[in-house]
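Read through the structure below, which is laid out as structure tokens, and then see the notes.
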2 protein chains.
Amino acid sequence: MAATSPTPAPALTAERILEATEEVLRRHGPAKATVVDVARALGVSHGSVYRHFRTKAALREAVTKRWLDRTSELLSGIAAGAGDPEARLRDWLRALFDAKRRKAGADPELFATYMVLADESGPAVSGHIADLIGQLTGIIRDGAGTGVFTVPDPAAAARSVFHATGRFHDPGYAREWERPEAEADFGALVELLLRGLSSR
Amino acid sequence: MAATSPTPAPALTAERILEATEEVLRRHGPAKATVVDVARALGVSHGSVYRHFRTKAALREAVTKRWLDRTSELLSGIAAGAGDPEARLRDWLRALFDAKRRKAGADPELFATYMVLADESGPAVSGHIADLIGQLTGIIRDGAGTGVFTVPDPAAAARSVFHATGRFHDPGYAREWERPEAEADFGALVELLLRGLSSR
DNA sequence: GGAATGACAGATATTGAAATCTGTCAGCTG
DNA sequence: CAGCTGACAGATTTCAATATCTGTCATTCC
């Protein structure tokens with residue numbers, strides 16, 4: 001016989017708690033999702049949840065971090081690519097915008113839930129943003145190396161590009177993303193920024 | 001004898017109601033400011049206020065509009081100037097950022113109050129933004145005329161510039177404006193945008 | 001007679017008591 | 001004995017009764 005049970009009680013792990021928490025958040029929304037709900041969903045007492053996460057805030061922050069990390073990973077693939085830095089920058093910004101817009105459009109309630117969580121988890125979000133700007137810095141540094149971009153400070157340029165495109169990735173602007181002119185506005189802004197990066 | 005009283009009862013006018021409303025908002029905040037409070041501050045019954053403004057929402061929107069119009073006027077002076085369009089654009093963006101940052105820093109509670117009002121008054125804000133983008137369009141069109149800027153569509157470029165600088169004028173970012181790197185970030189972004197506008 | 005009043009109905013906000021939740025921990029269980 | 005439980009104190013949320021506010025309008029007052 002196997003020492004580990006086949007399905008009945010798959011051991012209480014941080015990962016399983018996070019999955020259950022996501023489900024509870026999806027069902028009840030951020031305001032009504034309680035630690036007791038999470039414990040009930042897992043068939044354990046809420047005390048057991050506190051063995052893995054010191055506080056409710058820590059649990060929520062872990063959920064937020066997981067969610068943010070998924071976006072980071074998706075984009076890091078593009079940033080690390082080997083092609084033309086100009087095209088890579090375009091693709092990266094486009095992928096960021098598309099990913100956010102798709103999530104906000106597909107399930108607005110869940111997206112609103114994650115906006116609340118992100119608001120609570122300041123440090124996690126700051127780290128995520130630093131990561132994204134780091135990816136941008138890599139692309140721009142590559143371009144500066146090959147001479148496609150003419151910028152004295154790739155890191156500063158990356159910050160500028162990230163801030164400038166905020167309207168197309170900051171969740172606070174989600175409502176605007178469905179407007180018909182959003183697409184053209186995004187394209188125009190990206191081209192303006194690319195011209196600025198590569199002007200002699 | 002004068003037909004109009006010297007000071008006692010200076011006639012109930014829309015202007016006086018707006019002033020009293022601003023004062024009540026400043027004192028009580030947006031959540032607790034009532035029409036009854038405004039009427040009491042003026043020494044009249046609340047029914048009299050409803051003679052000048054159909055609803056409480058209309059009264060609040062009028063206050064918002066007055067506030068937004070003050071910013072528009074300040075900037076229109078710069079936009080209509082006769083100097084170098086490049087310098088004018090720099091000055092205009094700088095003036096917008098400085099005005100917002102100064103207001104947010106000097107009286108955070110009042111600024112928060114106006115953020116709530118602006119949130120309620122969608123159409124008034126949209127109109128204000130359209131006005132600002134119009135001013136930007138004027139500057140950029142001038143630059144396109146003299147050849148300083150090389151853009152096919154000044155109106156589209158103006159939209160891009162306004163959106164790109166959102167982080168430095170959108171009230172939602174007010175918290176960031178006090179951070180030490182804000183100044184450098186603002187400068188770097190403006191220079192990047194100017195290079196984009198004038199690249200051959 | 002044009003402007004202001006104040007009583008009123010329905011909508012919204014406040015309050016305080018009861019219910020629920022968070023976080024701890026001594027003890028149980030396998 | 002490592003992991004889980006459930007009772008508990010203090011903090012937070014819910015809920016229903018109560019109070020206040022919004023918007024109207026018949027009446028009053030220069």
Side-chain angles (χ1 to χ4, degrees), chain A residues 1-25 27-64 113 116-117 119-121, chain B residues 1-64 112-113 116-117 119-121:
Chain A
M1 307 298 172
T4 52
S5 320
T7 41
L12 190 56
T13 163
E15 181 64 20
R16 283 191 62 226
I17 294 175
L18 289 176
E19 273 161 26
T21 306
E22 280 196 4
E23 179 58 19
V24 168
L25 281 166
R27 281 199 140 82
H28 298 22
K32 292 197 195 165
T34 74
V35 176
V36 172
D37 290 331
V38 173
R40 188 163 29 231
L42 288 163
V44 299
S45 82
H46 74 280
S48 300
V49 173
Y50 280 97
R51 175 162 302 280
H52 295 264
F53 296 95
R54 264 208 313 290
T55 65
K56 181 188 187 182
L59 174 57
R60 283 176 166 238
E61 186 160 340
V63 171
T64 309
T113 293
V116 171
L117 293 204
D119 217 55
E120 294 170 0
S121 315
Chain B
M1 310 292 176
T4 53
S5 319
T7 41
L12 189 57
T13 163
E15 181 64 21
R16 281 190 62 227
I17 293 175
L18 288 178
E19 273 161 27
T21 305
E22 280 197 4
E23 178 58 18
V24 168
L25 281 167
R26 191 188 314 271
R27 280 199 140 83
H28 299 7
K32 292 197 195 164
T34 72
V35 176
V36 173
D37 289 331
V38 174
R40 188 165 28 234
L42 290 162
V44 300
S45 81
H46 74 279
S48 299
V49 173
Y50 280 97
R51 175 163 302 282
H52 294 264
F53 296 95
R54 262 207 316 287
T55 65
K56 182 188 187 183
L59 173 57
R60 283 176 166 236
E61 185 160 339
V63 170
T64 308
T113 292
V116 172
L117 293 204
D119 216 55
E120 294 170 1
S121 315

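Every chain is numbered from 1 and lettered A, B, ... according to where its sequence line falls, protein lines coming before strand lines.
Per the geometry, CZ belonging to A:Arg16 stands 14 Å off C1' belonging to D:dG3, to the nearest Å. The CG-P distance, from B:Asp37 to D:dC21, rounds to 7 Å in whole Å. If you measure from atom CZ of B:Arg60 to atom C1' of D:dC21, you get 12 Å, rounded to the nearest angstrom. Rounded to an integer number of Å, the gap from B:Leu59 CG to D:dG23 C1' is 13 Å. The nearest whole Å value for the distance from the NZ atom in A:Lys56 to the P atom in C:dT24 is 15 Å. A:Arg40 places its CZ atom 11 Å from the C1' atom of C:dC21, with the value rounded to the nearest Å. Atom CG of A:Leu12 and atom C1' of D:dA2 are 13 Å apart (whole Å). When rounded to the nearest whole Å, the span between OH of B:Tyr50 and P of C:dA9 equals 18 Å.
Distances shorter than 4.0 Å separate none of the side-chain N or O atoms of B:Ser48 from OP1 or OP2 on C:dA4.
A donor-acceptor contact under 3.5 Å is formed by the side chain of A:His46 with the base of C:dG23.
Candidate nucleotides D:dT5, C:dA4, C:dT22 were compared by shortest atom distance to the side chain of A:Thr34, and C:dT22 ranks first. Comparing D:dT14, D:dC21, C:dT22 against the side chain of A:Lys32 picks out D:dT14 as the nearest. Of the candidate nucleotides C:dC21, D:dT22, D:dC4, D:dC4 has the atom nearest to the side chain of A:His52. Among C:dC21, C:dA3, D:dT22, the nucleotide with an atom closest to any side-chain atom of B:Arg51 is C:dA3. Looking at the side chain of B:Val35, the nearest of the listed nucleotides C:dT5, C:dT22, D:dT22 is D:dT22.
Checked for salt-bridge contact, B:Glu19 and B:Arg16 miss the test: no charged N lies under 4.0 Å from a carboxylate O.
Here the CG atom belonging to A:Leu59 is positioned 12.5 Å from the CZ atom belonging to A:Arg54, to the nearest 0.5 angstrom. Annotation: the span from A:Asp37 atom CG to A:Leu25 atom CG amounts to 9.5 Å, rounded to 0.5 Å.
For the pair A:His28 and A:Lys32, the tightest heavy-atom approach, listed with the atom from each and the gap, is O-CB, 3.7 Å.
Residue contacts shown for A:Ser45 include a base, since a base heavy atom lies under 4.0 Å away.
For the pair A:Phe53/A:Val63, no side-chain contact is recorded, criterion being any heavy-atom separation below 4.5 Å from C-beta on.
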